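In each ligand, atom 1 is the first atom listed, and ligand 1 is the first ligand listed. Along the sequence shown, residues are numbered consecutively beginning with 1. Please read all numbers here as calculations on a predicted model, not as lab measurements.
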Amino acid sequence: MHKTPPTFQDPGLADDGYRVFQRVFLRALLGAAGSVSGLFVLADLMGINHLGETQLLGTVVYCLANVVMLSLTWRRALYVPLAAILVLASFAIYTLALVSVPGDELRIVWYFLGIGGSYILLGRWVGLAFTVASIGVILALNPGLPIPYSRLSVVTITLALVSCSIISLAVTAYAQGVYRQLLEANRHLRSLSLVDPLTGLPNRRLLDDRLRQTLAEGGRHPQQTFGALMFLDLDHFKEVNDTLGHQGGDALLIEIGHRLRAQVRDSDTVARLGGDEFVILLPLFAPDRDAALQGAQTVAGKLLEAVGQPYTVDGHVVARTPSIGLTLFPEPGDTAAAVLQRADAAMYQAKADGRRCLRVSKGGADRAPLQTGADLAGA
Ligand SMILES: Nc1nc2c(ncn2[C@@H]2O[C@H](COP(=O)(O)OP(=O)(O)OP(=O)(O)O)[C@@H](O)[C@H]2O)c(=O)[nH]1
């Protein structure tokens, strides 16, 4: 049984894109309603279009209310109450205009904006409830209106409301679908930039990030702990490509990824840097260098053993061994690049010493050489 590599969680995309669109839409509606009512007030003050005392007062209050609400939309937690107030206000304004200002045809504009807005701002169920309530209000109030709608007008406005509702439902469903697809595509793109597409293991970028984080974490703790990093390169991998083709080589690399993951803990990182190069990061786990070295050598022995077992690729049995370079960290003033470079150099030493073995980096220049590790040849 292969252990599945831990899935990569992306904290940067937690916010749903549709929510962002809803907030922008709410701001646009509040901005439009505030500006239009402000223009009416201005026109009245300039003597272009007299509103009458009560209507002027109402328009001023409405304009100011929209400005206040607009300023509050930057608080995410207030989104639902603000959207609900806007939708209810457009409903109330329409109803008021219906019973008291018979000549005001602008009410129709606000009303239809309110209907469409309710679907987008608060979801399809609220939108549907708003449509049904609106039709109910027209039918209930109609006989008593200052200028009652004719039978044909009632049918027309009901059909218009139903059409508006259907269009709003379709637009909302489409917009939500598009945002969901965009979100998925974004997640996919981000994971592609951090994951090796062949093996599904973390790539160099993600490894680099995890190594930096591990080093930074170590720097914050008062008690020093040590971790280890191993650079693993297959011996004569090119021959596999030459005899079984590139696809056969790929299948072998995938299987090696599985075997490596199966030997380490979930908290460890197994990355593929490219070609036949893998890196295994064992985060800070030991209180001193000797304990870290002992633990890392045990893991390295298991990796040499597991990767050295024969493989079956396309019905062919293939045997391949790895060379492993190991380094401990942190050295004084260590960086991610320096740790990787030390492990890489130790791996080249393993190649130079005949391959199929583990070599341990000497560490800092002032440090006595650490023991070099086990050979698989003798195992
Ligand atoms: N199948 C496959 N092959 C790859 C991929 N990336 C690189 N390679 C091949 O992997 C081989 C890497 O070989 P090297 O590590 O340089 O050499 P080697 O044959 O393993 O020999 P030593 O490392 O010296 O033991 C090259 O032949 C590359 O063409 C890949 O994604 N898939």
- Task: Using a 4.0 Å heavy-atom threshold (strictly under), name the region of Asp276 that reaches ligand 1: side chain, backbone, both or neither.
- Result: side chain

- Nearest heavy atom to atom 5 (C) of ligand 1, choosing from Glu239, Arg272, His236, belongs to Arg272

- Polar atom proximity, Phe237 to ligand 1 (N or O, under 3.5 Å): yes

- Considering only NZ, NE, NH1 and NH2 on the basic side and carboxylate oxygens on the acidic side, decide whether Glu217 and Arg210 come within less than 4.0 Å. no

- Query: Within the distance-only criterion (no hydrogens, no angle test), does the side chain of Arg320 pair as donor or acceptor with the backbone N or O of Leu252 below 3.5 angstrom?
  - Reply: no

- Message: Taking side chain to side chain donor-acceptor pair (under 3.5 Å) as the criterion, tell me which of Asp208, Asp209, Thr214 meets it with Arg212.
- Response: Asp208

- Message: Are the side chains of Gln297 and Val360 in contact, using a 4.5 Å heavy-atom criterion?
- Response: yes

- Apply side chain to side chain donor-acceptor pair (under 3.5 Å) to the pair Arg27 and Thr73, showing each step before the final yes or no. CA-CA 7 Å; Arg27 281 174 200 152; Thr73 56; 3.2 Å; yes

- Message: Does only the side chain of Arg355 get under 4.0 Å from ligand 1, or the backbone, or both, or neither? Count heavy atoms.
- Response: side chain

- Using distance alone, decide if ligand 1 has a nitrogen or oxygen within less than 3.5 Å of any nitrogen or oxygen in Leu234. yes

- Under 4.0 Å, heavy atoms only, figure out whether ligand 1 is touched by the backbone of Leu252, its side chain, both or neither. neither

- Message: Among all protein heavy atoms in this structure, tell me which lies nearest to atom 7 (C) of ligand 1, with the distance rounded to 0.1 Å.
- Response: Gly275 CA, 3.2 Å

- Taking the six-membered ring of Tyr311 as reference, does the NZ or CZ atom of Arg259 fall below 6.0 Å from its centre and within a 45° cone about the axis? yes

- Message: If you scan the protein for heavy atoms around atom 16 (O) of ligand 1, do you find one that is closer than 4.0 Å?
- Response: no

- Task: Report the nearest protein non-hydrogen atom to atom 27 (O) of ligand 1: residue, atom name, distance rounded to 0.1 Å.
- Result: Lys238 CG, 3.4 Å

- When you measure from atom 29 (O) of ligand 1 to every protein heavy atom, which one gives the shortest distance, and what is it? Asn241 ND2, 4.2 Å

- Message: Taking the basic N atoms (NZ, or NE/NH1/NH2) and the acidic carboxylate oxygens, is any pair closer than 4.0 Å for Lys351 and Asp235?
- Response: yes

